[in-house]
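Worksheet for the structure shown next.
Remember, predicted model here, so these are calculated numbers, not experimental data. For this chain, numbers begin at 1 and follow the sequence in order. Start at 1 and go down the list; that is how both ligands and their atoms are numbered.
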Amino acid sequence: MPLRTPDQYIASLRDGREVWFRGQWVPDVTAHPVIGKAVRHATIDYHMAESDRFRDLAVVTENGQAYSRYYKIPRNAEDLLLRSRLIEAATAEGDTLVVLIKEIGTDALFALLAVTAQMDDPVYYQRVRAFYDHCRHNDLALATAQTDVKGDRVRRPSEQQDPDLYLRVVERRDDGVVVRGAKIHTSVTPNVNEVIVLPTRAMGAGEADWSIAFALPVNTPGVKLLASPFGDAPVNPGERPISARHKMMETMTVFDDVFVPNARIFLDGDTRRAGALALTFVEYHRFTAVSYKLPLVDAIVGAAAVIADFNGILSATHVREKLISLIAYAETLRALTHKAAERCVPKPRGQVAPDPLLVNIAKSHFAHGYHTAVQHLQELAGGLLVTGPGDEDWAAPDTRPYLDKYLVGRKGVSAAQRMQMMNFIRDLTASDYGAYQEVLAIHAEGSLEAEKLQIFRAYTDNGSAGRVMALARRMAGL
Ligand SMILES: Cc1cc2nc3c(=O)[nH]c(=O)nc-3n(C[C@H](O)[C@H](O)[C@H](O)COP(=O)(O)OP(=O)(O)OC[C@H]3O[C@@H](n4cnc5c(N)ncnc54)[C@H](O)[C@@H]3O)c2cc1C
């Protein structure tokens with residue numbers, strides 16, 4: 001099967017899937033006013049594969065067969081760097097919003113391949129490999145549902161007041177298992193073909209039923225997607241240049257006693273490997289995260305410089321300081337992301353993963369600095385971010401002359417130009433979309449604390465902790 005066209009992708013989503021939006025069943029996600037926007041945003045992936053500009057980056061040809069680069073199993077630093085470049089380019093096409101319909105799913109596939117390759121029973125690796133071949137061959141779009149609803153955060157899955165607060169196996173049959181539970185915050189689920197389910201944490205003794213990983217088509221009976229309405233208000237394209245065209249949907253992904261056939265079960269009852277799988281996914285996924293943050297931080301630096309110029313303040317000392325701080329923020333992220341690929345670590349069967357230490361430092365650097373970066377940009381832009389006119393004011397002959405006269409910037413910058421940049425910054429930082437990016441920065445791909453834990457663990461595991469302690473002891477004469 002060749003790579004899919006955007007139209008084939010869209011048609012594949014009309015498959016009877018059970019999606020709910022504000023309490024209403026959605027008969028066709030592609031025709032829905034909000035989810036349809038997310039569908040069109042996601043077609044960026046398929047358009048890039050067809051375009052002269054991106055084809056070499058977006059498509060890999062092996063043995064005469066073309067397939068999406070997202071499915072290229074990383075075997076060296078170059079593979080990871082090209083993957084990162086593709087994610088960065090796709091997110092730039094999304095005007096700072098990641099596409100994600102293959103990024104997160106292939107992160108999960110790489111983790112599943114790496115972890116099942118180490119299992120004594122080869123059947124699990126064979127199942128993952130067959131599923132990977134199926135997805136790659138059919139150019140499928142994938143979601144990954146890892147985060148459970150979790151109830152009381154300090155209690156283990158087996159200690160919760162309701163055992164279904166972490167997704168679990170409730171019945172075992174000869175031909176498969178029945179699962180029950182709900183995953184939360186699952187991105188892109190309404191507009192992909194398959195959902196991969198992973199454990200969200202390490203499991204302990206007695207937690208075999210929660211140690212489950214599998215994949216299912218989104219239209220499997222019992223899979224219910226409760227789509228988040230966040231940011232669903234209609235917007236004018238002039239006022240909201242990003243969010244008028246781009247959208248990502250999250251769902252509460254309910255598994256209401258869903259049958260999973262044996263061929264789609266990738267981990268079952270292996271409490272020891274549940275944690276390894278959760279962490280290996282995160283190693284790949286945080287690399288995706290820092291790659292897709294690059295166009296976002298670049299847009300902040302660029303917008304800060306342009307609006308400072310338009311406002312006539314470019315040469316002011318405090319402006320220069322803020323721009324330098326933004327440049328250092330963005331370029332540190334880029335350097336760490338690329339270095340994480342270059343310092344990749346081996347996984348079974350010739351696979352590699354980005355250096356977990358640098359990936360987590362990169363993600364932590366991004367997340368801790370994001371709100372300050374937004375603050376700098378908003379400070380340089382001024383209060384018009386939230387007090388400026390609307391598209392209708394520009395269209396009305398009674399009001400337009402005042403806007404043209406009074407909203408100009410420095411000499412040579414028209415009011416329309418200045419407000420176009422202002423509207424971009426407003427959408428980026430002071431809208432539903434801006435708030436979405438701020439929460440995404442803190443929580444998506446793991447919370448700030450999760451990254452700190454991983455930095456400490458990776459520094460210890462790679463021998464750095466021992467090395468620096470020995471160095472300090474020697475220098476102290478111990
Ligand atoms: C926009 C968006 C998209 C996302 N997309 C996906 C996706 O596609 N797939 C997916 O699986 N997940 C996804 N996530 C989930 C993301 O990984 C989680 O939000 C993140 O792991 C935090 O989990 P939580 O939201 O349940 O917050 P919580 O875990 O409830 O965290 C809230 C606070 O509690 C603290 N806390 C939690 N547990 C403990 C504890 N035991 N002891 C002390 N403190 C604790 C945290 O540090 C944090 O400060 C997405 C999230 C967002 C915001």
Legend entry - Any donor-acceptor N or O pair under 3.5 Å, side chains R4, Y46: yes

Inset, instruction - Please find out if less than 6.0 Å separates the ring center of F255 from that of F214. - result: yes

Inset, instruction - Test F110 against every option in F287, Y284, Y70 by the ring pair (Phe, Tyr, Trp, His ring centres under 6.0 Å) rule and name the one that passes. - result: Y284

Legend entry - Within residues 195-210 or reaching into it, pairs that qualify as side-chain hydrogen bond (donor to acceptor under 3.5 Å, both in side chains) - sequence neighbours excluded: R156-E207, S158-E207, R172-D209

Legend entry - Ring centroid separation Y124 to F266 under 6.0 Å: no

Legend entry - Pocket residues of ligand 1, ordered first by chain and then by residue number (heavy-atom cut-off under 4.0 Å): I104, T144, A145, Q146, T147, K150, R153, V154, H185, T186, S187, E250, Y436, L440, H443, A444, E445, G446, S447, E449

Legend entry - Distance-only side-chain donor-acceptor flag, Y125 / R129, under 3.5 Å: no

